[in-house]
Number of protein chains: 2
Amino acid sequence: MKLSTKGRYGVRAMFDLALHEGDGPIPLRSIAERQNISEHYLEQLISTLRNEGFVESVRGAHGGYMLAKNPEEITIGHIIRALEGPISLADCVAGEESNCDRSSNCVVELVWNQVKEGIDEVLDSITLEDIRQEAINAKQEGEQHGYMYHI
Amino acid sequence: MKLSTKGRYGVRAMFDLALHEGDGPIPLRSIAERQNISEHYLEQLISTLRNEGFVESVRGAHGGYMLAKNPEEITIGHIIRALEGPISLADCVAGEESNCDRSSNCVVELVWNQVKEGIDEVLDSITLEDIRQEAINAKQEGEQHGYMYHI
DNA sequence: ACAAATCCCGAGTGGTATGGTATGATTAAT
DNA sequence: ATTAATCATACCATACCACTCGGGATTTGT
């Protein structure tokens with residue numbers, strides 16, 4: 001069970017935007033360069049992020065992307081679910097139509113639901129602001145000890 | 001982010017074995033029939049489960065599979081990790097070699113690790129015995145209300 | 001001895017998702 | 001007009017998933 005690049009790149013891109021909050025629209029190219037992600041590919045990801053209302057875009061020259069909400073309001077759960085669809089360990093949990101012949105009364109289904117809720121809780125407990133703070137702390141600590149902390 | 005059938009089928013098969021604990025070796029065919037899983041496919045899954053030490057096998061006629069440990073000692077995290085590999089949201093967390101150029105000091109890596117630990121905790125909080133109890137309770141309740149609970 | 005039941009093992013396969021490229025259109029600043 | 005950027009769509013190679021197939025090897029009943 002692993003996240004695909006969609007979720008991972010998405011979180012990194014949003015984290016990058018959070019670091020540059022207030023700097024006006026950030027062009028995709030600079031995000032892609034800093035995060036070392038294919039620009040064209042990232043385009044597709046950020047496009048769905050825009051449709052879901054997590055980023056705003058400004059077209060044309062000097063355009064780019066900005067967070068549409070405060071970093072405290074965006075969790076990595078939001079980002080990951082937007083890009084990868086709902087966390088669903090079994091089809092019967094997320095899908096509308098249960099194709100399981102055990103139909104409505106299935107014990108294992110209860111378990112998957114339990115797990116799904118647990119994972120969602122974990123993912124939604126981490127906001128972009130949390131990560132930003134962590135990055136700032138790490139950077140300061142790094143400077144004190146004489147090494148560079150890559151952000 | 002979803003579990004593949006490996007993990008799902010694996011948990012269901014192990015749950016089935018837990019329900020028949022003490023009945024001697026359970027032939028794969030009966031598990032496959034009850035759980036409606038391809039027998040050959042399940043064979044591959046239970047084979048790795050055997051190699052990982054979660055089930056024991058008895059060969060020959062009247063053979064089959066049995067849990068190698070008590071149901072309280074087997075979590076669905078054990079089963080899922082055995083069949084699907086470690087929960088790794090990013091490669092830099094699970095893999096031995098970090099192919100990320102941000103190398104050792106990466107903030108996002110910290111986040112993935114946090115999430116991974118959270119998910120592992122959720123998965124390891126549910127044992128086969130828990131599911132068995134849930135099944136028994138559900139069955140009794142179903143009988144009281146006059147409907148069949150499928151196990 | 002023989003047949004049936006069962007586990008064991010590895011190779012092959014069609015479909016789908018992943019992780020992108022390629023090409024071009026649209027919009028806005030200079 | 002030119003350049004910088006977002007938007008949109010189509011395409012593609014590869015890998016993985018969810019099996020199937022074809023056979024062994026081993027034990028038990030008769």
Side-chain angles (χ1 to χ4, degrees), chain A residues 1-13 17 20 23-33 35-52 54-68 80 83-86 88-91 94-95 99-100, chain B residues 1-13 17 20 23-33 35-52 54-68 80 83-85 88-91 99:
Chain A
M1 192 169 66
K2 70 182 290 191
L3 226 48
S4 72
T5 53
K6 285 180 192 165
R8 306 208 305 270
Y9 290 178
V11 168
R12 276 165 59 195
L17 284 180
H20 294 86
D23 294 2
I26 308 293
L28 197 62
R29 165 161 313 172
S30 68
I31 303 176
E33 272 174 5
Q35 299 297 327
N36 197 28
I37 299 174
S38 150
E39 188 182 341
H40 274 300
Y41 186 45
L42 190 53
E43 215 171 322
Q44 297 170 21
L45 306 184
I46 211 160
S47 170
T48 75
L49 248 21
R50 187 177 59 91
N51 291 331
E52 301 279 339
F54 295 115
V55 297
E56 281 169 358
S57 63
V58 177
R59 299 183 66 160
H62 289 206
Y65 295 91
M66 299 175 298
L67 294 184
I80 290 173
L83 290 170
E84 311 222 6
S88 69
L89 303 194
D91 295 333
N99 56 354
C100 167
Chain B
M1 192 170 66
K2 70 183 290 190
L3 224 49
S4 71
T5 53
K6 284 181 195 166
R8 306 209 304 271
Y9 290 179
V11 168
R12 277 166 58 196
L17 283 180
H20 294 86
D23 295 2
I26 309 291
L28 195 63
R29 164 161 313 173
S30 67
I31 303 176
E33 273 174 5
Q35 300 296 328
N36 197 30
I37 299 173
S38 149
E39 189 181 339
H40 271 301
Y41 187 44
L42 190 53
E43 213 172 325
Q44 296 171 22
L45 307 185
I46 211 162
S47 170
T48 74
L49 249 20
R50 186 178 59 91
N51 290 331
E52 300 280 338
F54 295 115
V55 298
E56 282 169 356
S57 63
V58 177
R59 301 183 66 160
H62 284 59
Y65 294 93
M66 301 175 297
L67 294 184
I80 290 172
L83 290 170
E84 311 222 7
S88 69
L89 303 195
D91 295 333
N99 55 353

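Residue numbers start from 1 in every chain, and the chains themselves are labelled A, B, ... in the order their sequence lines are given, proteins ahead of strands.
- When all heavy atoms of B:Leu83 and B:Leu49 are compared, the closest pair comes out as CG-CD1, 3.9 Å.
- Nucleic acid contact for A:His40: base, since at least one base atom lies under 4.0 Å from a heavy atom of the residue.
- The CZ atom of A:Arg29 sits 15 Å away from the P atom of D:dC7 (whole-angstrom rounding).
- For C:dT21, one of the phosphate oxygens OP1 or OP2 lies less than 4.0 angstrom from a side-chain nitrogen or oxygen of A:Ser38.
- Taking both residues in full, the closest heavy atoms of B:Gly7 and B:Glu84 are given as N-OE2, 2.9 Å, listed atom of the first, atom of the second, then distance.
- Atom pair B:Met66:CE and C:dT6:C1' shows a separation of 14 Å (rounding to whole Å applied).
- Between A:Tyr65 and D:dC7 there is a side-chain polar atom (N or O) within less than 4.0 angstrom of OP1 or OP2.
- Distances shorter than 4.0 Å separate some side-chain N or O of A:Lys6 from OP1 or OP2 on C:dT18.
- Proximity note for B:Ser47 (side chain, C-beta onward) versus C:dA29, C:dC9, C:dT6: the nearest is C:dC9.
- With hydrogens and angles ignored, a donor-acceptor pair closer than 3.5 Å exists between the side chain of B:Glu43 and the base of C:dC8.
- We find that CD of A:Glu33 is positioned 10 Å from P of D:dA5, with the value rounded to whole Å.
- Regarding contacts with the backbone of D:dA18, every side-chain N or O of B:Tyr9 stays at 4.0 angstrom or more from both OP1 and OP2.
- Straight-line distance from the CG atom of A:Leu45 to the P atom of C:dG20: 9 Å, rounded to whole Å.
- The distance between atom CG of B:Asn36 and atom P of D:dC19, rounded to the nearest whole Å, is 10 Å.
- Of the candidate nucleotides C:dC7, C:dG19, D:dT6, C:dG19 has the atom lying nearest to any side-chain atom of A:Tyr41.
- A distance of 11.0 Å separates OG of B:Ser47 from CG of B:Leu42, quoted to the nearest 0.5 Å.
- Inspection of the A:Tyr41 and A:Thr5 side chains reveals an N or O donor paired with an N or O acceptor under 3.5 Å.
- Looking at heavy-atom distances under 4.0 Å, B:Ile46 makes no contact with the nucleic acid at all.
- The side chain of B:Arg8 contributes no N or O atom lying less than 4.0 Å from OP1 or OP2 of D:dA18.
- The base of D:dT20 lies close enough to the side chain of B:Gln44 for a donor and an acceptor atom to sit less than 3.5 Å apart.
- We find that CG of A:Leu42 is positioned 15 Å from P of D:dA5, with the value rounded to whole Å.
- The side chain of A:Ser4 contributes no N or O atom lying less than 4.0 Å from OP1 or OP2 of C:dA17.
- In terms of position on DNA chain D, the residue among B:Glu84 and B:Glu39 whose nearest nucleotide sits closer to the 5' end is B:Glu84.
- Distance CZ/B:Arg12 to CD1/B:Ile31: 12.0 Å, rounded to 0.5 Å.
- For B:Asn51 and A:Val58, each mapped to the nucleotide of DNA chain C holding its nearest heavy atom, the one lying further toward the 5' end belongs to B:Asn51.
- For C:dT26, the base has a donor-acceptor partner in the side chain of A:Arg59 [N/O atoms by modelled type, under 3.5 angstrom].
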